[in-house]
Amino acid sequence: MTDYLDREQDKTFTKVYKQQTPDILKAFVQFDESVFQAEGRAIPLKYRELIALAVGITTQCVYCIDGHSQRAVTAGATEAELAEAAWVATAIRAGGGFAHGRLGFKFGADATPAHANPADAAPAHATPADAAPADATPAPAAAAHAAHTH
């Protein structure tokens with residue numbers, strides 16, 4: 001993934017922003033510096049960097065992963081914290097796939113002929129997701145996680 005990442009050479013292309021949109025670049029730099037200032041924020045810098053790392057992993061931005069993993073370590077993050085941030089990102093990305101996968105069923109139902117019963121199209125071994133036994137209660141953390149939007 002890093003075969004196109006060149007920390008030094010890539011920075012030289014910032015000159016295009018400086019030449020073409022200096023006002024926007026200045027505003028962005030000020031914004032970024034405010035978000036990641038060491039003091040004066042409610043969330044400590046280490047955790048903001050871990051959040052940024054997780055977002056970078058989720059969006060698969062090698063530049064974000066590179067910069068924010070180093071900045072997180074500089075702010076005191078451990079390898080265990082980097083690993084957990086990566087797993088959080090992985091869970092969110094997988095959860096998005098799960099949630100958006102449901103749209104396939106929803107949109108697929110739109111193509112089902114009006115006279116057909118969508119349940120007839122299900123494989124014989126399939127069971128509805130909500131067919132859990134009535135006495136089955138998910139663990140509190142799992143129930144809370146499943147309840148949010150993804």
Side-chain angles (χ1 to χ4, degrees), residues 1-110 118 122-150:
M1 198 169 163
T2 60
D3 58 329
Y4 62 91
L5 172 66
D6 182 335
R7 287 185 181 115
E8 296 309 313
Q9 177 66 24
D10 293 353
K11 291 177 186 178
T12 66
F13 293 101
T14 302
K15 68 182 175 194
V16 176
Y17 287 131
K18 289 178 182 177
Q19 293 168 352
Q20 302 299 322
T21 55
D23 56 329
I24 298 171
L25 177 60
K26 180 180 177 185
F28 174 75
V29 169
Q30 289 173 336
F31 168 71
D32 193 67
E33 287 173 350
S34 293
V35 169
F36 291 103
Q37 68 187 25
E39 302 294 329
R41 304 261 64 99
I43 300 172
L45 180 59
K46 176 174 85 168
Y47 300 112
R48 284 180 277 139
E49 291 295 349
L50 287 167
I51 292 167
L53 171 61
V55 171
I57 291 168
T58 302
T59 61
Q60 299 179 340
C61 174
V62 69
Y63 300 99
C64 296
I65 296 166
D66 180 40
H68 292 293
S69 61
Q70 291 185 39
R71 289 167 62 175
V73 169
T74 299
T78 65
E79 279 191 332
E81 290 170 319
L82 296 175
E84 287 190 23
W87 284 119
V88 168
T90 302
I92 294 300
R93 188 138 177 127
F98 167 78
H100 286 89
R102 295 180 299 196
L103 292 176
F105 307 131
K106 178 180 177 179
F107 298 143
D110 289 345
H125 66 279
T127 58
D130 59 354
D135 62 344
T137 305
H145 183 74
H148 70 75
T149 58
H150 83 130

How far does [atom1] of [X] sit from [atom2] of [Y], to the nearest 0.5 angstrom?
{"X": "Glu84", "Y": "Leu53", "atom1": "CD", "atom2": "CG", "value": "12.5 Å"}
{"X": "Gln37", "Y": "Leu45", "atom1": "CD", "atom2": "CG", "value": "9.5 Å"}
{"X": "His100", "Y": "Leu103", "atom1": "NE2", "atom2": "CG", "value": "6.0 Å"}
{"X": "Ile43", "Y": "Leu50", "atom1": "CD1", "atom2": "CG", "value": "11.0 Å"}
{"X": "Ile57", "Y": "Leu82", "atom1": "CD1", "atom2": "CG", "value": "8.0 Å"}
{"X": "Ile92", "Y": "Thr90", "atom1": "CD1", "atom2": "OG1", "value": "10.0 Å"}

- Item | His68 side chain near Phe36 side chain, heavy-atom distance below 4.5 Å |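 Side chain of His68 against side chain of Phe36, heavy atoms only: contact under 4.5 Å found.
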
How close do [X] and [Y] get, counting heavy atoms only, and between which atoms?
{"X": "Lys18", "Y": "Pro22", "value": "O-CB, 3.4 Å"}
{"X": "Pro44", "Y": "Ala42", "value": "CD-O, 3.6 Å"}
{"X": "Arg48", "Y": "Val35", "value": "NH1-O, 2.6 Å"}
{"X": "Cys64", "Y": "Gly56", "value": "CB-CA, 3.8 Å"}
{"X": "Ala85", "Y": "Ala54", "value": "O-CB, 3.6 Å"}

- Item | Candidate pair Tyr17 and Ile24, rule side chain to side chain contact (heavy atoms under 4.5 Å, CB included), full reasoning | CA-CA 8 Å; Tyr17 287 131; Ile24 298 171; over 6 Å; no

- Mind jotting down which residue pairs meet the salt bridge (charged side-chain N to carboxylate O under 4.0 Å, His left out) criterion with at least one end in residues 53-74? Sequence neighbours excluded, please.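 Residue pairs with at least one partner in residues 53-74: Arg7-Asp66, Glu49-Arg71.
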
- Message: Within the supplied structure, the quantity of interest is the number of heavy atoms (other residues, nucleotides, ligands) at a distance under 6.0 Å from Glu79 CD; does it exceed 12?
- Response: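 At most 12 heavy atoms, drawn from other residues, nucleotides or ligands, come within 6.0 Å of this atom.
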
- N/O donor-acceptor pair under 3.5 Å between Gln30 side chain and Ala27 backbone: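 No, because the side chain of Gln30 does not come within donor-acceptor range (under 3.5 Å) of the backbone of Ala27.
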
